[in-house]
Amino acid sequence: MIEVDLEEEKKEIIRRYRRLLRHAKPVLKDGDAKIIKKAFYMSMEAHKDMRRKSGEPYIFHPLEVAQICVSEIGLGTTSIVCALLHDVVEDTEIELSEIERAYGKKVATIIDGLTKISGVFDQGSSQQAENFRKMLFTLSDDVRVILIKLADRLHNMRTLESMPRDKQLKIANETIYLYAPLAHRLGLYAIKSELEDLYLKYTEEDSYTHIASKINATRDARNKFIRNFIKPIRDELNGQHFTCEIKGRPKSIHSIHNKMRKQNVPFEEVYDLFAIRIIIDTELENEKAACWQVYSIVTDYYQPNPDRLRDWISIPKANGYESLHTTVMSGKGQWVEVQIRTRRMDEIAEKGYAAHWKYKESKNGDADKGLEMWIGKVREILEQNDTSAIEFVDDFRSNLFQEEVFTFTPKGDLVTLPNGATALDFAFDIHTEVGAHCLGAKVNQKLVPLNYKLKNGDQIEILTSKKQRPNEDWLKYVVTSKAKSKIKDSLKEEKKQFAAEGKEVVQRKLKQLKVPFSQETLIQLTEFFNVKTPTDLFYLIGKGKIDHSEIKRFNEKKEQEHKYRRVSDPKAMQSKIKKVREDDYDLLLIGEDMDVVDYKFAKCCNPIPGDDVFGFVTVNDGIKIHRTTCPNAAELLSNYGYRVVKAKWTSSQDDSFLAGLKIIGTDRIGLINDVSSVISGELKVNMRSITINTEGGIFEGEIELYVSDTEHVDQLIRNLEKVQGVVSVSRHT
Ligand code: MN
């Protein structure tokens with residue numbers, strides 16, 4: 001037991017609350033402090049009996065999350081209130097309606113969004129992927145939901161120490177999988193790096209401590225190097241009356257770790273361990289010129305590598321990042337990255353989206369537009385509802401990591417697309433109709449094919465034709481999800497049309513041949529043409545890929561077969577489908593019809609004699625016997641009723657059939673032994689496999705064994721239930 005000094009704790013809570021107010025002060029308007037106070041006391045009261053895993057009072061967590069929102073993301077009053085209350089609806093008695101009454105609709109909506117996504121995201125679990133999808137839905141309502149969620153996550157990662165190991169791994173993994181990329185995409189570089197470092201700390205502790213101690217150990221030498229490197233630049237900048245700050249910062253542990261692994265080198269050989277950053281104070285109108293002036297000074301002293309010049313000032317990254325990067329050769333023969341930016345740009349780089357609000361009034365409409373465009377893209381992906389949640393998250397992640405290519409319309413408007421995008425992507429980005437009728441494109445006046453990969457600065461004119469239509473190949477030409485989904489939509493629509501035309505042709509042809517247009521004929525047709533479904537057949541005929549005269553050939557063959565069977569094998573004269581389908585008394589007799597009808601037992605439910613079963617006519621694999629309780633039965637019976645065949649067991653069975661049993665009980669020594677002796681001893685049953693799980697005194701076993709019929713299984717179940725400690729025994733599929 002840890003002694004808790006409640007008085008001291010109360011003081012600490014108030015101290016943290018005051019710190020929050022102090023940091024928030026510059027952005028507070030009249031009356032804001034009062035609202036924050038109200039939210040703080042409400043949250044403290046609601047969480048008063050709760051403690052975190054670490055033993056701390058729970059209120060520390062919402063206070064810290066609010067603190068991160070203020071000082072690390074730069075958010076204001078609404079977000080502070082939401083952060084303070086972010087866990088109350090989920091974890092306490094307080095209801096959303098109460099929040100709405102006290103703080104208004106906006107706060108309630110944000111907290112509702114935060115509550116909905118509170119579940120932990122499990123990599124590979126579709127339920128959690130679905131949660132994530134919901135979370136991104138709220139992005140289009142209010143981006144603050146995501147920002148507060150990131151603050152919440154950051155604090156949880158900072159306090160991960162007190163969690164059990166399995167939770168640590170789970171939380172760390174979902175952080176690296178989703179939250180760090182999300183922070184990156186929103187331009188929150190500081191938070192992104194910290195999340196990545198913490199991930200490494202909890203998943204690869206050795207590497208983390210190794211790199212951290214190396215960074216420490218080399219600090220003095222590095223600082224000396226940086227001082228010498230900076231000196232001439234600083235003198236020159238001062239001489240030219242620049243007000244500036246120059247710092248040399250080591251890169252994040254996570255990024256150094258990645259470099260070591262990627263290049264397979266030790267710490268000492270990672271050459272860009274740090275970057276020099278020059279931050280200048282300058283008028284907004286002067287920013288660009290000033291940055292290039294600084295560039296010019298830097299490269300007067302050090303030789304730049306022309307391949308490593310990055311100008312994100314003229315065209316900012318889509319997440320709003322603006323900076324001028326160059327890599328130069330130091331006097332010591334070492335490449336050094338130099339980042340040049342203004343105070344404003346630096347703040348945006350560190351605090352991301354929120355910092356834009358501060359500068360929103362200014363000329364900087366562009367970066368803001370970039371973020372809005374991105375949110376628009378996310379919304380577009382969300383609106384395609386035919387992708388599964390898992391696919392969606394993957395898709396979304398790949399969009400997060402993509403670098404961009406900047407292209408232009410003939411009129412000079414900027415179109416930003418993911419790297420690897422083609423002329424066809426560009427066409428769909430302009431407009432769905434332009435994409436759907438795209439014939440080709442002219443890039444910088446030269447004709448290029450649809451799958452031409454766009455390069456930075458390309459100016460693209462799309463050529464269209466009314467007659468042009470999307471085809472299957474187009475899916476290979478595009479990378480954006482917008483283009484993909486539009487092409488798929490169009491193909492589906494086209495398929496529907498051709499199938500309708502094809503169906504008419506088939507009906508007409510069959511009528512001429514005096515063959516009934518029945519399910520039976522359709523099954524025979526799909527078999528003859530070797531296609532999966534009648535719709536596929538209609539489509540191929542409608543599209544002209546199967547000539548309709550082929551139907552005549554089908555009929556000839558059918559009649560011939562009929563004659564042949566009648567002569568050569570009177571017993572098998574009835575076709576297998578007729579035999580098992582036509583009337584109620586025409587059953588498939590399992591055991592007897594073996595030599596006439598080709599049937600197998602379905603692996604999904606392992607039927608054994610005595611089970612209620614049905615036969616299902618497959619396309620290429622004869623008839624499969626399923627249990628009526630098979631997990632697939634509902635789908636088969638409801639969608640393909642015409643392919644279902646009645647089936648019954650005959651009395652004589654000497655085969656062994658595989659069945660699975662599930663045993664649940666309370667664990668005790670000797671239980672497994674008793675269970676297996678019932679199976680192999682008393683009843684002389686062969687076991688194929690046995691898996692046992694015991695947790696918290698509960699015993700769960702799954703046994704696969706060979707039996708002759710259901711009577712046999714029932715007897716076995718009865719005997720097993722008699723074993724001491726066994727609670728239930730059931731058959732499972
Ligand atoms: Mn929380």
Side-chain angles (χ1 to χ4, degrees), residues 12-13 16-17 19-20 24 36 39-73 75 78-96 98-99 103 107-122 128 131-132 134-136 138-139 142-164 166-180 182-183 186 188 191-192 194-195 198-199 202 354:
E12 177 63 24
I13 294 172
R16 292 192 187 200
Y17 167 61
R19 183 186 52 170
L20 173 68
I36 294 174
F40 165 64
Y41 279 105
M42 187 186 204
S43 178
M44 186 158 68
E45 181 59 24
H47 291 298
K48 73 169 185 290
D49 297 323
M50 299 164 63
R51 284 185 180 272
R52 302 199 85 211
K53 275 259 164 19
S54 58
E56 291 177 335
Y58 196 87
I59 187 71
F60 278 13
H61 171 62
L63 272 172
E64 289 302 320
V65 174
Q67 181 72 43
I68 293 170
C69 286
V70 172
S71 47
E72 293 173 59
I73 310 182
L75 295 171
T78 307
S79 308
I80 296 172
V81 169
C82 294
L84 286 171
L85 296 167
H86 81 272
D87 277 333
V88 298
V89 174
E90 221 216 332
D91 297 340
T92 78
E93 303 285 294
I94 293 178
E95 281 180 28
L96 204 58
E98 240 172 288
I99 303 260
Y103 308 95
V107 169
T109 318
I110 294 173
I111 292 183
D112 189 34
L114 286 162
T115 308
K116 282 194 188 118
I117 51 167
S118 60
V120 179
F121 176 85
D122 231 331
Q128 298 303 336
N131 280 347
F132 184 72
K134 270 194 212 127
M135 157 162 132
L136 290 167
T138 59
L139 189 72
D142 199 315
V143 75
R144 278 175 290 194
V145 174
I146 310 282
L147 296 172
I148 298 168
K149 185 69 200 168
L150 277 168
D152 182 29
R153 173 54 52 132
L154 180 58
H155 185 242
N156 285 334
M157 283 298 283
R158 283 177 182 170
T159 52
L160 205 55
E161 193 62 56
S162 44
M163 288 305 237
D166 62 321
K167 281 258 173 65
Q168 284 181 348
L169 285 176
K170 196 169 170 179
I171 294 172
N173 272 301
E174 67 182 48
T175 297
I176 203 69
Y177 186 69
L178 282 171
Y179 290 97
L182 200 55
L186 290 168
L188 298 158
I191 290 182
K192 173 218 168 204
E194 190 177 344
L195 287 176
L198 286 166
Y199 160 79
Y202 286 100

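Remember, it's a predicted structure, so these values are computed and weren't measured experimentally. We count ligands from 1, going down the list as the structure has it; atoms in each ligand are counted the same way.
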### Task
Measure from the side-chain N and O atoms of Ser43 to the backbone N and O of Ala39, and report whether any donor-acceptor pair falls under 3.5 Å.
no
### Message
As a test of reading the structure, name the N/O/S atom of Asp152 that is nearest the Mn ion (ligand 1).
### Response
OD1
### Message
Working note: Arg52 + Thr159, criterion side chain to side chain donor-acceptor pair (under 3.5 Å); need CA distance, chi angles, decisive distance, verdict.
### Response
CA-CA 10 Å; Arg52 302 199 85 211; Thr159 52; 3.1 Å; yes
### Summary
Between His86 atom NE2 and His61 atom NE2, the angle centred on the Mn ion (ligand 1) rounds (to 10°) to 90°
### Task
Confirm or rule out an N/O/S atom of His155, from backbone or side chain, lying less than 2.8 Å from the Mn ion (ligand 1).
no
### Query
Which N, O or S atom name in Asp87 marks its closest approach to the Mn ion (ligand 1)?
OD2
#### Entry: Parallel, tilted or perpendicular: rings of Tyr17 and Phe40 (30°, 60°)
parallel
### Message
Any donor-acceptor pair under 3.5 Å linking the side-chain atoms of His47 with those of Asp87?
### Response
no
